[in-house]
Every structure is written in C-alpha cells, then in structure tokens.
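In what follows, a single structure is set out as structure tokens and then discussed.
Both backbone and side-chain heavy atoms feed into the values below; hydrogens, waters and symmetry mates do not.
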Amino acid sequence: MTKPRKICVVTGSRAEYGLLQWIMRHLQNDPRVELQVIATGMHLAPEFGNTWQAITADGFTIQRKVEMLVSSDTSTGMAKSTGLGVIGMADALDNLTPDLLLILGDRFEILAAATAATLMRIPVAHIHGGEVTEGAIDDSLRHAITKLSHLHFTSTEAYRNRVVQMGEQPSHVFNFGAPGLDALQNLQFVSREELQQSLSFDLGKHFFLITFHPVTLGDTPSSDEMACLLAALDTMPHDIRLLFTMPNADAGGRKLLEQINAYVSARSERAIAFSSLGQQRYLSAMKHCLAVVGNSSSGIIEAPSFGAVVINIGDRQKGRISAPSTIHCGSSRDEIEAALRMATAPEHKAIVSIEPNPYGNGGASVKIAETVATHPMENLIRKPFFNLP
C-alpha cells in the first residue's frame, strides 16, 4: 500500500489561516494525505489574540509551533524575526520530514518557511503568487517566495502569466482563483443581531468595518496615515458605528495598535476594536457593514463577492487587480473623507451590486488540495528556467 503523502501547511496569521483552512479540511479528509500543520508568527503572540487556538478549535492538530517574533516594532526586528523563523522552521521540518510544504502569501514568516524548505530540498507549493502590492515590502517577499517554490496556485490568469514570466514552468502554474472565496460557500454567516450579541456591542443602523495595516514601503509614516484615517472617521455622522480589527505584526504595527486603542477608548459609545474576530465574524461583519475601510487584501479579494462597498486607502494594495466598484483614495484626511462620503452615497451602492469579483466564484480549495495530493513529485525540486518565446 502506498504511504500517504506528507503535506505540511505553514500558517503565521489569522488572515492567512482563514484562506488556508478550506484546503486543509480537504487534505485532512483525504486518505492519500497525512496533513501536518506548523503555526508560527502572530498566531503565537498574545497581543495578536493567540489565534493558534482557532486552528485547534477547528479540529486541526498543530504538530509544531515555531516562535519567531521578537519584541520589536522596526524593520530590523522583522529581519531578526525572519532569521529566527528560518532556524525554527529548519528544526520543525527536519523532525516532520514532509514530502511537500504548502504556503500562502507574502509575509516574512512565509519567506522563512520557504527558505528553510528550499535549502532542505523539500518541494514548496505556493498560493497567491504573481500579485503586486507596491506599498509593502511584502511585494518583494512574494516574488522571492515564488522563485523558491515549485508548484504555484494563482488567483487570476494575469497573475499566472506573471509567474510564468518569472521563469516558472507553465505546467507547474495553475489558476484556480482565490481560495478565500470558498468561505462564502462553506461558512454559516451570523445575522446582524447575532453579530451584535457576539461582539457585546451595538452596531447601530450602519457601521464601517476597518482594517488598516502598516505601509512598509511608504514615504509617509503609517502612524501619520492612521491619524488621517481616524480624523476622517470623526467627520462621519456619529450614528455610524466603527468596528476595528487590529493591524498585523509588520514594522510600525504596534504604534497603529496604540492609536486605535486610544481612539476607541475615547469613543466607546460608537467604536470598538478586536485583535481577531475570527473568520466567521469577520466575513459576517463584511456582509452587514456599510463599507469596508482600510488597506487589507480582504477588501480587494473577498469583499466584492458580498457586494460590499470598499474604500482602499493608500499604496499598500497598489497594483492589485480590483473590482471596478472599489474606491481607491490617497491617505490624506481630505482624500479619505471624500471617499467615505462617496461610499455612503446610494448611487455607488447600486454600482457595487452589479460588479463581478475578478478573483472568481470559489472552488479553488478543492482543486488546490487535489493537485498537491496527486501531482508527480519526481524531479520537482529541479527547476529549469522557462524562457518566454
């Protein structure tokens, strides 16, 4: 009898796990596969909600936890964390001996995992390659991870073409769409009333869902951009409630967290913040909110499938394919305020409701799971460069 293929999934953040979990469920139920899980990065940090607990609550076993975050809010700290991550991943992979590493995205935790696996001759399958986010250091990391990987799962055909343009074999690059959209088909969303009860907060008649991450390649400090966002929110009618989710662990993230906490503390009647809502509550909030505000990729990829109004602030997601109805604005107070007023106009909501999602209609997770479970492994680790005709 053929031994199950050992596929190791690495996850370092709540958002990334939300996209991976449907693939993980298919792999967990596949008798041809032995699923291994490594949790690292923000999952293990109390200040980011100890979100590794959500992974185990969903019925997955975490085989290894790799501590890598240093207590720092700087670019130097990110670099040191990456080094610690490579060391920790090397130990974990040496112990687990997977046949294939499955990773998603563009963060430094994932770069550490891909680096260790490549040096240890473990094939890597990468999800969401080929994309562009000009305002974040993640843009460079994503392309580096692509070159460290051997199988590729992109979210649009344009991104597939870009991965091939980088020299990857066309037969190893698959466009199945964005796996995060599978949550829309598989999750049981909570009603607005249930969401309010779960949050212990009155969402009022309307509310904004706000997620703003550090802009790691910006010329303006992210804290200044956050100050502009908060000032613009204060110009909105006070019956519009504000639901914040906290920024990630990039350089400058802790300062943003302090700003949000101070803002919410002074406006507790209309604003509340959470380290992590969990995927069900987060996507339910996206479904019920007046607008999704900030610079998270979820506003670009998942929100259009809800017909949600989206305001994308600044350069963090610059270069990503987006629905025509997405409102892109600069990061000054006046620009954000103008975008907020446009988003709340009835005529814009009418435009949003008819726009298709450029990232597909779901179904990517089962296709990715099937491919990593069955794709031939022979000579996968050797990568001849593919030259475009």
Side-chain angles (χ1 to χ4, degrees), residues 10-13 15-16 19 40-42 68-70 72-87 89 101-119 124-156 158-168 172-173 178 212-222 225 247-253 256 295-301 312-322 328 331 383 385-386 388:
V10 175
T11 173
S13 71
E16 169 203 74
L19 307 181
T40 188
M42 290 188 289
M68 61 178 290
L69 292 184
V70 299
S72 171
D73 198 25
T74 66
S75 298
T76 302
M78 288 173 61
K80 290 181 177 179
S81 292
T82 304
L84 291 174
V86 173
I87 294 170
M89 288 295 169
L101 189 75
L102 179 61
I103 53 177
L104 182 148
D106 50 20
R107 291 186 50 77
F108 61 91
E109 302 97 330
I110 303 309
L111 176 65
T115 300
T118 299
L119 293 173
V124 178
H126 180 222
I127 303 166
H128 274 295
E131 303 179 14
V132 172
T133 50
E134 296 178 11
I137 194 68
D138 298 352
D139 190 55
S140 297
L141 303 188
R142 181 189 306 105
H143 302 321
I145 294 166
T146 290
K147 294 308 300 178
L148 293 170
S149 301
H150 307 85
L151 294 176
H152 308 271
F153 303 101
T154 67
S155 58
T156 73
Y159 296 151
R160 180 186 181 275
N161 292 338
R162 187 173 289 145
V163 171
V164 173
Q165 180 184 346
M166 293 172 68
E168 298 302 296
H172 292 171
V173 189
F212 190 87
H213 296 299
V215 185
T216 48
L217 286 181
D219 296 326
T220 303
S222 294
E225 296 186 343
N248 59 30
D250 289 333
L256 303 189
N295 60 10
S296 170
S297 62
S298 62
I300 301 293
I301 297 175
N312 179 57
I313 299 171
D315 290 342
R316 190 171 190 271
Q317 301 297 335
K318 186 177 180 180
R320 252 202 179 118
I321 294 170
S322 61
H328 299 278
S331 55
K383 292 209 313 178
F385 192 94
F386 178 79
L388 290 175

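- Among all heavy-atom pairs drawn from Asp139 and Thr133, the shortest one is OD1-N, 2.9 Å.
- Here the side chain of Ser222 pairs a donor or acceptor atom with the backbone of Val215 at under 3.5 angstrom.
- Residues Met166 and Lys147 share a closest heavy-atom pair of O-NZ, 2.8 Å.
- Contact detail for Gly129 and Thr154: the closest heavy-atom pair is O-CG2, 3.7 Å.
- We find that Glu131 and Arg162 are not joined by a salt bridge, their nearest charged nitrogen and carboxylate oxygen being 4.0 Å or further apart.
- When all heavy atoms are compared, the tightest approach of Thr82 to Ala112 is O-CB, 3.6 Å.
- In terms of heavy-atom proximity, Gly77 sits nearest to Val70 at O-CG2, 3.4 Å.
- In this structure the side chain of Asn295 never reaches within 4.5 angstrom of the side chain of Glu225, judged on heavy atoms.
- Between Glu134 and Arg320, none of the side-chain N atoms (NZ, or NE/NH1/NH2) sits under 4.0 Å from a carboxylate O, so this pair counts as no salt bridge.
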Applying side chain to side chain contact (heavy atoms under 4.5 Å, CB included) to Arg142 and Ile110, what does each step give before you reach the verdict? CA-CA 9 Å; Arg142 181 189 306 105; Ile110 303 309; over 6 Å; no
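- Between Tyr159 and Ile321 the shortest heavy-atom distance is OH-N, 2.8 Å.
- Side chains of Glu109 and Ser13: a donor-acceptor N/O pair is absent below 3.5 angstrom, by distance only.
- For the pair Thr146/His152, a side-chain contact is recorded, criterion being any heavy-atom separation below 4.5 Å from C-beta on.
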